[in-house]
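Shown next, in structure tokens, is the structure this report addresses.
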Number of protein chains: 2
Amino acid sequence: MAVTTRDRILDTTAELFRRYGYTGTGLKQIVAEAQAPFGSIYHHFPGGKEQLGQEVILRSGGMYQELFETILGASPDIVTGVRNLFEGAAELLRQTDYADACPIATVALEVANSNEPLRMATAEVFEGWIEAGAARFASAGVPGEKARDVAIVLITSLEGAFVLSRAMRDTEPVRVAGEATVVALRAALRDAA
Amino acid sequence: MAVTTRDRILDTTAELFRRYGYTGTGLKQIVAEAQAPFGSIYHHFPGGKEQLGQEVILRSGGMYQELFETILGASPDIVTGVRNLFEGAAELLRQTDYADACPIATVALEVANSNEPLRMATAEVFEGWIEAGAARFASAGVPGEKARDVAIVLITSLEGAFVLSRAMRDTEPVRVAGEATVVALRAALRDAA
DNA sequence: GTCTATAGAAGGATAGAC
DNA sequence: GTCTATCCTTCTATAGAC
């Protein structure tokens with residue numbers, strides 16, 4: 001079949017991590033949902049839960065980055081792209097009962113002071129997002145020294161808005177944070193002129 | 001003594017939640033660190049871990065709000081106050097090995113789609129922070145309809161910056177988010193003139 | 001190699017001694 | 001009422017049957 005057991009485990013784990021976090025997701029829960037025998041986890045991931053977590057973090061981070069790129073690439077200009085990104089996130093939240101937000105933020109907070117290998121994986125993802133965002137903003141006309149800052153503002157705004165929107169079950173924080181990010185981006189673009 | 005067993009349990013739990021999250025913190029771990037017998041948890045919190053979690057969330061939220069008010073109240077003007085708030089957060093992160101950030105964000109993400117009573121507690125805290133911030137910005141001269149938005153920008157920026165800074169072990173996200181929040185606040189204040 | 005059964009530790013919760 | 005001992009479940013991980 002097109003999807004291997006290994007991929008099914010990775011996909012299922014990513015989904016469960018997003019909803020229940022790292023410590024809140026059990027290996028038995030994963031294999032049950034992925035319709036795989038328990039032993040297949042240790043067959044495909046000899047390092048156990050930690051190895052599985054690492055791969056899920058890096059993989060989800062990469063997929064989310066591709067989603068960013070797709071949305072921004074499909075927009076006529078960078079300002080519209082950023083606006084579409086936040087509006088799409090708000091809509092997706094609403095449609096998924098406020099579950100479908102950042103795939104790694106919950107895990108990132110859980111492991112930041114308790115699991116160094118996993119913390120490093122989340123840091124690697126965030127750093128990758130920042131660099132990708134900075135490159136895109138720079139090529140859109142944001143001055144070099146400002147491009148990284150704008151990328152950080154975008155990502156921190158979105159992450160923080162996810163925290164509040166998921167807790168409050170309201171898209172308001174995502175919408176407001178999106179507007180603020182657009183304003184910050186416009187200001188940075190003005191500096192270039 | 002000045003501090004009761006109940007308070008010691010609440011303080012200890014708040015600290016452990018911040019570091020390990022809700023599911024990552026065990027009741028046995030709590031009583032061990034609080035130097036209390038195991039039974040005292042169910043004596044003081046008959047509702048078990050969930051009741052304890054609820055009280056910790058609301059209490060930590062209130063204490064953090066007081067901290068906001070203290071910092072903003074001690075600053076000569078609102079812009080300086082917001083700057084001090086982010087700078088203080090960055091310094092505290094650095095000093096505490098990037099553990100001392102938002103006391104409830106980790107729990108908020110963990111429970112958002114898995115524990116409705118606890119989700120409501122986190123939502124109550126965030127809504128309280130937004131309203132307190134909006135009131136303060138309004139009295140500082142931000143037009144009424146903008147005051148709530150600025151408060152949301154402040155809180156989402158800080159929360160998102162905490163996620164990145166803790167994961168990356170770098171204060172850069174908090175500092176950049178702080179600058180952006182100051183810029184947004186200044187723009188809102190200009191609208192009033 | 002795929003899968004089941006189970007080990008050994010830790011989880012939350014409770015009963016009852018004192 | 002304070003505290004201890006224990007219950008039952010669930011956790012990660014492993015051993016070994018097929």
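Sequence lines set the chain letters: A, B, ... in the order given, protein chains first and strands last, and positions in each chain run from 1.
- No salt bridge links A:Glu179 with A:Arg175; every basic N to acidic carboxylate O contact stays at or beyond 4.0 Å.
- The CG atom of A:Asp11 sits 8.5 Å away from atom OG of A:Ser60, with the distance rounded to the nearest 0.5 Å.
- Rounded to whole angstrom, the span from the OH atom of B:Tyr20 across to the P atom of D:dC11 amounts to 21 Å.
- As rounded to whole Å, 16 Å separates atom C1' of C:dA5 from atom CD1 of A:Ile41.
- Atom pair B:Glu50:CD and C:dG12:P shows a separation of 13 Å (rounding to whole Å applied).
- Going from atom OH of A:Tyr42 over to atom C1' of C:dT6 covers 14 Å, rounded to whole Å.
- Considering A:Thr96, A:Asp100, A:Thr106, A:Thr25 as possible partners of A:Arg18, the one that fulfils the side-chain hydrogen bond (donor to acceptor under 3.5 Å, both in side chains) test is A:Asp100.
- Here the P atom of nucleotide C:dA10 and the CD1 atom of B:Ile30 are 16 Å apart, to the nearest Å.
- Remark: A:Arg119 does not engage A:Glu50 in a salt bridge, criterion side-chain N to carboxylate O under 4.0 Å.
- No hydrogens or angles considered: a donor-acceptor pair under 3.5 Å links the side chains of B:Gln51 and B:Glu55.
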Under 3.5 Å donor-acceptor pairs involving side-chain atoms of residues 29-43 of chain A, not counting sequence neighbours:
from    : atom 1 : to      : atom 2 : distance (Å)
A:Gln29 : OE1    : A:Gly26 : N      : 3.2
A:Ser40 : OG     : A:Pro37 : O      : 2.6

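- To the nearest 0.5 angstrom, B:Thr156 atom OG1 is 9.0 Å from B:Glu159 atom CD.
- Looking at residues 104-118 of chain B, you'll see that no heavy atom sits under 4.0 Å from any atom of DNA chain C.
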Identify all pairs in which a protein N or O lies below 3.5 Å from an N or O of nucleotides 1-3 of chain C, and state each distance.
from  : atom 1 : to      : atom 2 : distance (Å)
C:dT2 : OP2    : A:His43 : NE2    : 3.2

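- Computed from coordinates, the A:Lys28 NZ to C:dA5 C1' distance equals 10 Å when rounded to whole Å.
- Nucleotide D:dT12 holds its P atom 8 Å from the OH atom of A:Tyr22, rounded to whole Å.
- Once rounded to the nearest 0.5 Å, the distance linking CZ of A:Phe137 with NZ of A:Lys146 reads 14.0 Å.
- B:Thr23 comes within contact range of no nucleotide atom at all, as no heavy-atom separation falls under 4.0 Å.
- Protein atom CG of A:Leu52 is 10 Å distant from nucleotide atom P of D:dA13, rounded to whole Å.
- The shortest distance between side-chain heavy atoms of B:Arg169 and A:Asn113 falls below 4.5 Å.
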